[in-house]
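The structure displayed is predicted, hence computed values, not measured ones. In what follows, every heavy atom counts, from backbone to side chain, and hydrogens, waters and symmetry copies are set aside.
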Amino acid sequence: MELHFSEVETPDPAALEKGRLLFAGETEFLKGVVAMDGLPPADRLEICFAGRSNVGKSSLINALTGRKGLARASNTPGRTQEINFFTAGDIYVVDLPGYGFANAPVAVVEKWQNLLKQYLSGRQTLRRVFLLIDARHGAKTVDEEIMSLLDRAAVTFQVVMTKTDKLKGKALEDSLAKTRAALAKHPAAFPELILTSSEKGDGIPTLRAIIAGLS
C-alpha cells in the first residue's frame, strides 16, 4: 500500500493551545552526550531532531522553545558533535549531531556518526524523529540513508521542511514533490510534512501541537 504524502493540516485550537503551553514554561539544557553510557535515564517520552549539517536544527529548536540562545546555531557544518538533551515540560527534546559533510577530522566524524546510529536504533523511549530537510534542496541521498536506518529500527519519523520562506510557487512545490517521492520508499515515514520557517515563525505552532499530542 502506497502512502500519500501531504502537508499537515493546521491543528485545532485546543491542540495549538496544548502545544503552546508545553513550550511556554522553562525549556532547559540538560546535558550533551558523547557516548551511549552518558544518556540520561529513559524515564520519559523523547522526541528528537535529525538532519544534514546546517539544515537549521538549532534555529528550529530555538524558535520552537522561544529561546534564541538555547541551541547553539553555527554557520560551520558539523559544529554540533554531541547529542544534546533539553527538558520541556515532562518530555526530552533531543538535538542530534548533523549528518553528512562536517568540517571535522574523519575519525571524529565517524565517532559521532556511529553514536547517532546507535541512539536512533536503541533508545526505547524515542517516540518520533523529526527529520529536517532544507526546502531549497529537497531530500538528498544522505537523508535517505537515515530514513533507511529508521525503517530498520522501526522508529517513526516525520519530515519537517525548513527554510520554506526561501522558495515560492513552483520551486517550493518541486522540492516537496522530490521529498514526497523519497518518502514513498520508507515505511517508517509519517505521511504528513510540516512546512516551517524558523526566521518567520511559519509552522512553529503546528509543530508544537504535534509534539504535545504525542504525550
Side-chain angles (χ1 to χ4, degrees), residues 1-27 45-52 55-68 70-71 73 86-96 126-139 143 147 150 155-184 186-215:
M1 176 181 168
E2 184 173 332
L3 290 174
H4 173 66
F5 292 89
S6 60
E7 288 78 71
V8 67
E9 294 183 1
T10 301
D12 63 41
L16 289 170
E17 178 63 7
K18 184 178 180 181
R20 187 191 70 79
L21 290 173
L22 174 63
F23 290 99
E26 285 295 312
T27 302
L45 177 147
E46 286 177 29
I47 60 97
C48 77
F49 293 96
R52 287 186 299 106
V55 75
K57 289 196 313 303
S58 297
S59 296
L60 185 72
I61 291 172
N62 291 339
L64 188 70
T65 60
R67 294 183 58 188
K68 288 185 178 180
L70 185 66
F86 304 88
T87 56
D90 57 354
I91 71 170
Y92 285 135
V93 175
V94 185
D95 182 16
L96 297 183
L126 180 58
R127 180 66 59 85
R128 186 173 298 178
V129 173
F130 290 95
L131 182 64
L132 276 56
I133 292 177
D134 190 325
R136 296 173 299 178
H137 308 299
D143 296 312
M147 293 177 194
L150 293 167
V155 176
T156 301
F157 68 90
Q158 185 164 13
V159 164
V160 178
M161 304 294 292
T162 62
K163 308 178 186 181
T164 57
D165 58 310
K166 308 299 183 187
L167 293 177
K168 294 182 180 178
K170 188 176 185 302
L172 178 58
E173 188 51 48
D174 287 347
S175 174
L176 295 177
K178 179 181 177 181
T179 302
R180 292 188 196 107
L183 290 173
H186 297 280
F190 196 83
E192 293 181 319
L193 311 181
I194 306 169
L195 275 54
T196 68
S197 164
S198 298
E199 189 175 312
K200 296 186 177 299
D202 299 341
I204 300 302
T206 293
L207 180 56
R208 289 175 180 150
I210 290 170
I211 294 170
L214 296 173
S215 59

Discussion item. For Leu70 and Phe86: C-alpha separation, side-chain torsions, deciding distance, then whether side-chain contact (heavy atoms from CB on, under 4.5 Å) applies.
Written reply: CA-CA 9 Å; Leu70 185 66; Phe86 304 88; 3.6 Å; yes

Practice prompt. Considering non-hydrogen atoms only, spot the tightest contact between Leu96 and Ala50 and give its length.
Written response: CD1-CB, 3.8 Å

Worksheet item: Between Ser175 (side chain) and Ala171 (backbone), is there a donor-acceptor pair under 3.5 Å?
Response: no

Worksheet item: So how far is it from Leu214 CG to Glu46 CD, rounded to the nearest 0.5 Å?
Response: 12.5 Å

Item to complete: Would you confirm whether Lys57, through its side chain, and Asp95, through its main-chain N or O, come within 3.5 Å as a donor-acceptor pair?
Response: no

Discussion item. If I compare all heavy atoms of Ala182 with all of Ala139, which pair ends up nearest, and what's the gap?
Written reply: CB-CB, 3.8 Å

Discussion item. Run Ile133 and Leu193 through side-chain contact (heavy atoms from CB on, under 4.5 Å) and show every step you take.
Written reply: CA-CA 10 Å; Ile133 292 177; Leu193 311 181; over 6 Å; no

Item to complete: Kindly indicate whether the side chain of Leu172, heavy atoms from C-beta on, has any atom under 4.5 Å from the side chain of Met161.
Response: no

Worksheet item: Are the side chain of Glu199 and the backbone of Lys163 linked by a donor-acceptor contact shorter than 3.5 Å?
Response: no

Item to complete: Using modelled atom types only, decide if a donor and an acceptor are shared between the side chain of Thr162 and the backbone of Val55 within a distance under 3.5 Å.
Response: yes

Practice prompt. For residues Thr156 and Leu150, determine if any side-chain heavy atom of one lies less than 4.5 Å from a side-chain heavy atom of the other.
Written response: no

Practice prompt. Please test Ile91 against Leu22 for side-chain contact (heavy atoms from CB on, under 4.5 Å), starting from the C-alpha separation and ending with a verdict.
Written response: CA-CA 9 Å; Ile91 71 170; Leu22 174 63; 4.0 Å; yes

Worksheet item: Between Phe157 and Arg128, what is the shortest heavy-atom contact and its length?
Response: CA-CG, 4.4 Å

Worksheet item: Quick check: does any side chain N or O of Thr164 sit under 3.5 Å from a backbone N or O of Thr196, one acting as donor and the other as acceptor?
Response: yes

Discussion item. How close do Ile204 and Ala63 get, counting heavy atoms only, and between which atoms?
Written reply: CG2-O, 3.7 Å

Fill in: Spacing of Asp143 atom CG and Arg52 atom CZ [to the nearest 0.5 Å]
5.5 Å

Worksheet item: Does Asp174 pair with Lys170 as a salt bridge, N-O distance under 4.0 Å?
Response: yes

Worksheet, complete the sentence: When every non-hydrogen atom of Pro205 is compared with those of Leu16, the smallest separation belongs to O-CD2, 3.6 Å

Item to complete: Report the distance from atom NE2 of His137 to atom OG1 of Thr179, rounding to the nearest 0.5 Å.
Response: 11.5 Å

Worksheet entry | Side chain to side chain, Ile211 and Leu64, heavy atoms closer than 4.5 Å | yes

Item to complete: Heavy atoms only: give me the nearest Ala15-Ala209 pair and the separation to one decimal.
Response: O-CB, 3.3 Å

Worksheet entry | Test item: Tyr92 and Leu126 side chains (from C-beta on) under 4.5 Å apart, heavy atoms | no

Fill in: Contact check, side chains of Ile194 and Phe130, non-hydrogen atoms, under 4.5 Å
yes

Worksheet item: Going from CZ on Arg180 to CD on Glu7, what distance comes out if it is rounded to the nearest 0.5 angstrom?
Response: 4.5 Å

Worksheet item: Can Glu17 and Arg20 be counted as an ion pair, charged N to O under 4.0 angstrom?
Response: yes

Fill in: Ionic contact status for Lys200 with Asp202, cut-off 4.0 Å
no

Discussion item. Within the 4.5 Å heavy-atom criterion, are Lys18 and Pro11 side-chain neighbours or not?
Written reply: no

Worksheet item: Would you say Arg208's side chain and Phe23's backbone share a donor-acceptor pair under 3.5 angstrom?
Response: no

Practice prompt. List the steps and the verdict of side-chain contact (heavy atoms from CB on, under 4.5 Å) for Ile47 and Val93.
Written response: CA-CA 5 Å; Ile47 60 97; Val93 175; 4.1 Å; yes

